[in-house]
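Below: the structure, in C-alpha cells.
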Amino acid sequence: MSLFAYQFTQDLVDWYESEQRDLPWRRSRDPYRIWISEVMLQQTRVDTVIPYYENFLKKFPTLPALANAHEDEVLKAWEGLGYYSRARNLHGAVKEIAASYDGVVPNDPDKFRELKGVGPYTGGAVMSIAYDFKEPAVDGNVMRVLSRVLYITEDISKQKTRKQFEEHVREYLEMTEPSKFNQALMELGALICKPKKPDCEQCPVSKLCVAREKGVVEQLPIKAKKAKPKDQQVSCAVIVDENERVLIEQRPKEGLLAGLWQFPAVLGHEDDLSSVLHDQYKLDISLQKESDVFKHVFSHLKWEVSIYTGTIATEEDHQGVWVNKQEFQTYSFPVVYQKIAKHYLGW
DNA sequence: AAGTCGGGGCG
DNA sequence: CGCCCAGACTT
C-alpha cells in the first residue's frame with residue numbers, strides 16, 4: 001500500500017469535509033434523488049441543474065411518482081436542459097425498476113448499470129454515493145484532477161484512458177469512504193483544480209501533484225479537439241389564426257430534439273417550407289419572410305433559422321395541432337423555438 | 001473509434 | 001468565437 005495513495009485520499013477527504021458545497025442532492029442518501037442529480041449533471045453545470053433538480057423533485061418526489069408519469073410531463077420538466085434522451089432513458093429505467101424491482105433502486109452495481117442511460121460514470125456515482133460501493137465514478141473533473149496529480153498524458157477522450165483512471169480510483173477506494181472520496185475528487189475539480197486558472201495555492205494535494213512539480217498544470221488534461229459544428233439552414237413558419245392560436249408540430253421520436261415540439265419547420269428554404277405546409281397541413285397561404293435570423297448552436301450543428309409568418313381565417317379547415325397561449329405552455333419546446341415564440345407571439 | 005445528442009457560461 | 005461542463009448511446 002503506497003504512502004502516496006494513503007496521504008492523497010486522507011488529505012482530499014479532509015478537505016472535502018470542511019469545504020464541500022451545500023448542494024440540494026447532498027442533503028439525502030436517497031438513491032433516487034442522487035440518481036436524478038447525476039443524470040442532470042451529465043455535461044451540465046451545477047448552477048444550471050439546481051433549479052431543474054428542485055422542480056423535478058417537487059413534481060416527481062419518489063421513484064413511483066416518476067414511473068407513473070407520462071413521458072410528456074417528464075420532457076416538460078426537462079425543457080431547456082438539453083440532451084433530452086437523458087430524460088427518456090431515465091424515465092424508462094425508472095419504469096423498469098417499478099416493474100421488476102418493486103420500485104427500489106437495485107443495491108447492486110451490475111444490475112444498476114444494466115438500466116437505460118446508466119453508463120460507467122453514473123453507475124459508479126450512484127452506487128458509491130448512495131450505497132458506498134467501492135465503484136469509481138470517473139467524469140471530466142476526475143480525469144482532469146488525476147491527469148494532473150499523476151501526470152497522465154494520454155488523450156482523455158479515449159475510453160481506454162478512462163479505464164486507466166478507474167483503476168487508480170479503485171486502489172484509492174480501498175482506503176477511504178467511497179461516497180466521500182468520489183465526491184471529493186469531483187469537488188476538487190469543480191472548485192480548485194479547474195480547467196483554467198487552477199487555484200493550486202488552495203489545493204489540499206498540491207504537494208503531491210506531479211504536474212505542479214513540473215509546472216505543466218494548465219497543459220493538462222490532453223484532449224482531442226472536436227469537429228466544428230456543421231451549418232444547416234432551417235425555415236420555420238409561425239402561423240396564427242384569428243383566435244390567436246398557432247400551429248405547432250411534434251418532432252420525430254428519434255434523433256435531434258426527439259419528441260419535442262416546434263413551429264412547422266424544415267431543413268431548407270421557403271419553397272421547402274411551403275411544400276410541407278401544403279402537403280402536411282393543406283395550407284396554401286402567403287408567407288411573409290421576416291428579417292430576423294435566429295442562430296442556434298448545438299453540439300455538432302449550427303442552425304440559421306429563417307422565420308416566415310402567416311395568418312389564416314379561423315373558419316378555414318384546420319389540420320394539425322393549433323394551440324392558444326395557455327395550451328402552448330404545456331408542450332415542451334427546444335430553446336430556439338422558445339426564443340421564436342417570445343419574439344413573435346410574446347409567449 | 002467516431003458520431004450523435006443541448007444548452008449555457010466564460011475568457 | 002472556442003472551450004468546457006458530475007456522459008451515454010449508436011453504429
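The model shown is predicted, which means the values in this text are computed figures rather than measured ones. All chains are named by letter (A, B, ...) in the order of the sequence lines, taking the proteins before the strands, and each is independently numbered beginning at 1.
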Select from A:F298 and A:K230 the residue whose nearest nucleotide in DNA chain B is closer to the 5' end of that strand. A:K230
Can you tell me how far C1' in C:dA6 sits from the matching atom in B:dG3, rounded to whole Å? 23 Å
Can you check whether A:R162 has a side-chain N or O nearer than 4.0 Å to OP1 or OP2 of C:dG7? no
Nearest to the side chain of A:P195 - C:dC5, B:dG6, C:dA6? C:dC5
Using whole Å, report how far CG of A:D47 lies from C1' of B:dG8. 11 Å
What is the distance from CG of A:L301 to P of B:dT4, rounded to the nearest Å? 8 Å
One pair to check against side chain to side chain donor-acceptor pair (under 3.5 Å): A:R86 and A:T44. What are the steps and the verdict? CA-CA 12 Å; A:R86 292 184 293 177; A:T44 311; 3.2 Å; yes
From the options C:dA6, C:dA8, B:dG7, select the nucleotide whose nearest atom is closest to the side chain of A:R21. C:dA6
Closest nucleotide among C:dA8, C:dC5, B:dC5 to the A:Y83 side chain: B:dC5
Hey, does A:G255 reach any base, or is it just sugar-phosphate, or nothing, if we go heavy atoms under 4.0 Å? sugar-phosphate
Separation of B:dA2 atom C1' from A:K223 atom NZ, nearest Å, is 15 Å
Please compare A:K225 and A:L115 by the position of their nearest nucleotide in DNA chain C and report the one closer to 5'. A:K225
So, under a plain 3.5 Å distance rule, would you say the side chain of A:S299 forms a donor-acceptor pair with the base of B:dG7? no
Under 4.0 angstrom, heavy atoms only, what part of the nucleic acid is A:T122 near: base, sugar-phosphate, or nothing? sugar-phosphate
Closest to the side chain of A:K228, out of C:dG2, B:dG7, C:dG7, is C:dG2
Would you say A:S274 and A:Y308 are linked by a side-chain donor-acceptor pair, where the criterion is simply a distance under 3.5 Å? no
Selection from B:dG6, C:dA6, C:dA8 that lies nearest to any side-chain heavy atom of A:P120: C:dA8
To the nearest angstrom, how far is A:E38 atom CD from C:dG7 atom C1'? 11 Å
From the candidates C:dC9, B:dG8, C:dG7, the one with an atom nearest any side-chain atom of A:N89 is C:dC9
Just how far, in rounded Å, is C1' of B:dC5 from CH2 of A:W78? 13 Å
Donor-acceptor pair under 3.5 Å: do we get one between A:R45's side chain and the base of C:dC4? yes
Span that lies between the P atom of C:dA8 and that of B:dG9, in whole angstrom: 24 Å
Need one value for A:I156: base, sugar-phosphate or nothing, where a base atom within 4.0 Å counts as base even if backbone is also close, heavy atoms only. nothing
Any A:Q43 side-chain nitrogen or oxygen under 4.0 Å from OP1 or OP2 of C:dG7: yes
For the pair made of CD in A:E79 and P in B:dG8, what is the distance, rounded to whole Å? 11 Å
Is the shortest side-chain N to carboxylate O distance from A:E71 to A:K253 below 4.0 Å? no
Establish, for the pair A:K214 and A:Y151, whether the NZ or CZ atom is under 6.0 angstrom from the six-membered ring centre and no further than 45 degrees off its axis. yes
For the residue pair A:F298 and A:H296, is the inter-centroid distance of their aromatic rings smaller than 6.0 Å? yes
Reckon A:H296 has a side-chain N or O less than 4.0 Å from the OP1 or OP2 of B:dG7? yes
Nearest-Å distance, NZ (A:K194) to C1' (C:dC4)? 13 Å
For A:V46, which contact category applies under a 4.0 Å heavy-atom criterion: base, sugar-phosphate, or nothing? base
Transitive ILVMFWY side-chain link A:I222 to A:L150, under 4.5 Å: no
Starting at the 5' end of DNA chain B, which residue's closest nucleotide do you reach first, A:K339 or A:H300? A:H300
When the distance from NZ of A:K226 to C1' of B:dA1 is rounded to whole Å, what number comes out? 15 Å
With a 6.0 Å cut-off on the ring centroids, do A:F56 and A:Y52 count as close? no
Just checking A:Q159: base, sugar-phosphate only, or nothing, at a heavy-atom cut-off of under 4.0 Å? base
Heavy atoms from C-beta onward define the side chain here; which of B:dA2, C:dC5, C:dA6 lies closest to that of A:R144? C:dC5
Side-chain N,O (A:T44) to OP1/OP2 (B:dG6) below 4.0 Å: no
